[in-house]
Amino acid sequence: MTQLNIEPLHDNFGARVTGVALSGDLSDSEVALIREAIDSYEFLCFPEQDMNDEKQLAFTGLLGEPEAEHVTFGKTGEIKYFGTVGNVQDDGSSLGNANTSTRYQTGNQLWHSDSSFREVPSFVSILHAYEVPGEGGATEFASMRAAYAALPDDLRRTVEPLHVLHDYVFSRSQVAPVDPNHAASLPPAMHRLVRANPANGRKNTYSGSHARSIPGWSGVDSRRLLDDLLERTTRTGEIHTHQWRAGDTVIWDNRCLLHRGTGYDADRWRRRMRQTRVVGSEKGIVPSPTGH
Ligand code: OGA
Ligand code: MN
């Protein structure tokens, strides 16, 4: 019998969880506790996990339906459930800063919510670290729930009824061209700008670098609002910086958290992490009719 131990990291969000092996036989009550912790804390780090791909996919399946990795699917139609984050290839070699794949991944240094550009965005991402750089390579997290809670009343009233288009090609083109087949597989998706967690009703804005425009608004007004929301969400001092250690398994709630990589020198360091995602349960969760 394991004893799940949850230590909050900050006032607003984040927790470190020990006393559980994610790759072990988890009981239904342990899975339920992890789900509740996701709803409450948004970000969970499980240090010192004994992980491999098979175990990670099994654990991912306990939280819901694994999401097909969109880059491979878009380019070739092949369904695979893992994305490799970092510069280490399957054959063990590592790619430097000038490599196209390394450059493409610098798109992750823009604040974003994984798969917010999909018709049904993702629920959580699960990222396990195998090799981490000696310097750099942290991942930062910012809570759109805390941001919503801190909105002035008039702005909250403005954003409440709005929708927002999320567009991967729009955001990723800022750092590198997107393969045409990949682009064709990801038309912009429309979501509510304010979402609520279905378990606890807590609301959040839903912005980030994939957020392109507010339908019906001018480009300039859309940009001003989305930039303002992003700035409010990511103000320094309100972000959590995760300094990776090999063996960390991190789960984050894409419904309400933004994240970004801080970058590292790929000519000098190796970084190898494996990511799975769980499909969200609803298309753009709508606020409750009471407005709470
Ligand atoms: C991701 C991501 C940032 C990083 O894995 O989804 O955005 O630090 N990672 O590599
Ligand atoms: Mn990401």
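As the structure lists them, so they are numbered: ligands from 1, and atoms in each ligand from 1. Keep in mind that what you see is a predicted model, and the values were worked out from it rather than measured.
Side-chain polar atoms of Gln275 and Arg277 form a donor-acceptor pair below 3.5 angstrom.
By the 4.0 Å N-to-carboxylate-O rule, Asp39 lies too far from Arg202 to be salt-bridged with it. Ion pairing of Glu42 with Arg145 is present here, as a side-chain N (NZ or NE/NH1/NH2) and a carboxylate O approach within less than 4.0 Å.
Arg156 and Ala149 make their closest contact through NH2-O, 3.0 Å (heavy atoms, listed as atom of the first residue, atom of the second, distance). The nearest pair of heavy atoms linking Ile214 to Ser222 is N-OG, 3.0 Å.
Taking every non-hydrogen atom of Leu127 and a distance limit under 4.0 Å, the qualifying atoms of ligand 1 come out as 5 (O). For ligand 1, the atoms sitting less than 4.0 Å from at least one non-hydrogen atom of Val85 are 5 (O), 10 (O), numbered in the order shown with element in parentheses. Those atoms of ligand 1 that come under 4.0 Å of a heavy atom in Ala138, given as number and element, are 8 (O).
Ring-plane geometry between Tyr168 and His210 is classed as tilted, the angle between the planes lying from 30 to 60 degrees on a 0 to 90 degree scale. A perpendicular orientation is assigned to the rings of His242 and Trp244, their planes being inclined by more than 60° (bins at 30° and 60°).
Selection from Asn108, Asp114, Val250, Ile126 by nearest heavy atom to atom 9 (N) of ligand 1 gives Asn108.
Taking a 4.0 Å cut-off on heavy atoms, Gly137 fails to register as neighbouring ligand 1. Within the 4.0 Å heavy-atom cutoff, His112 counts among the residues contacting ligand 1. Under a 4.0 Å heavy-atom criterion, Trp111 is not in contact with ligand 1.
Of all protein heavy atoms, the one closest to atom 8 (O) of ligand 1 is Thr139 OG1, 2.6 Å. For atom 5 (O) of ligand 1, the closest heavy atom belonging to the protein is Gln275 NE2, 2.8 Å.
Ring centroids of His191 and His166 are separated by less than 6.0 Å, placing the two rings close together.
For the ring pair (Phe, Tyr, Trp, His ring centres under 6.0 Å) with Trp252, the qualifying choice from Phe141, Phe43, Tyr41 is Phe141, the only one to do so.
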Steps toward side chain to side chain donor-acceptor pair (under 3.5 Å) verdict (His259, Asn108): CA-CA 8 Å; His259 64 281; Asn108 288 339; over 6 Å; no
Worked verdict on Phe117 versus His70 for ring-ring contact (aromatic ring centres under 6.0 Å, His included): CA-CA 11 Å; Phe117 46 82; His70 65 88; 4.9 Å; yes
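At a heavy-atom distance under 4.0 Å, only side-chain atoms of His259, from C-beta outward, approach ligand 1. With a 4.0 Å cut-off on non-hydrogen atoms, Phe141 does not touch ligand 1 at all.
Below 3.5 Å of separation, one finds no N or O of Arg260 facing any N or O of ligand 1. Annotation: Arg271 places an N or O atom under 3.5 Å from an N or O atom of ligand 1; distance criterion only.
Both tests pass for Arg172 against the ring of Tyr104: distance under 6.0 Å to the centre and angle within 45° of the axis.
Legend: protein N/O/S atoms lying under 2.8 Å from the Mn ion (ligand 2), waters omitted, number 3.
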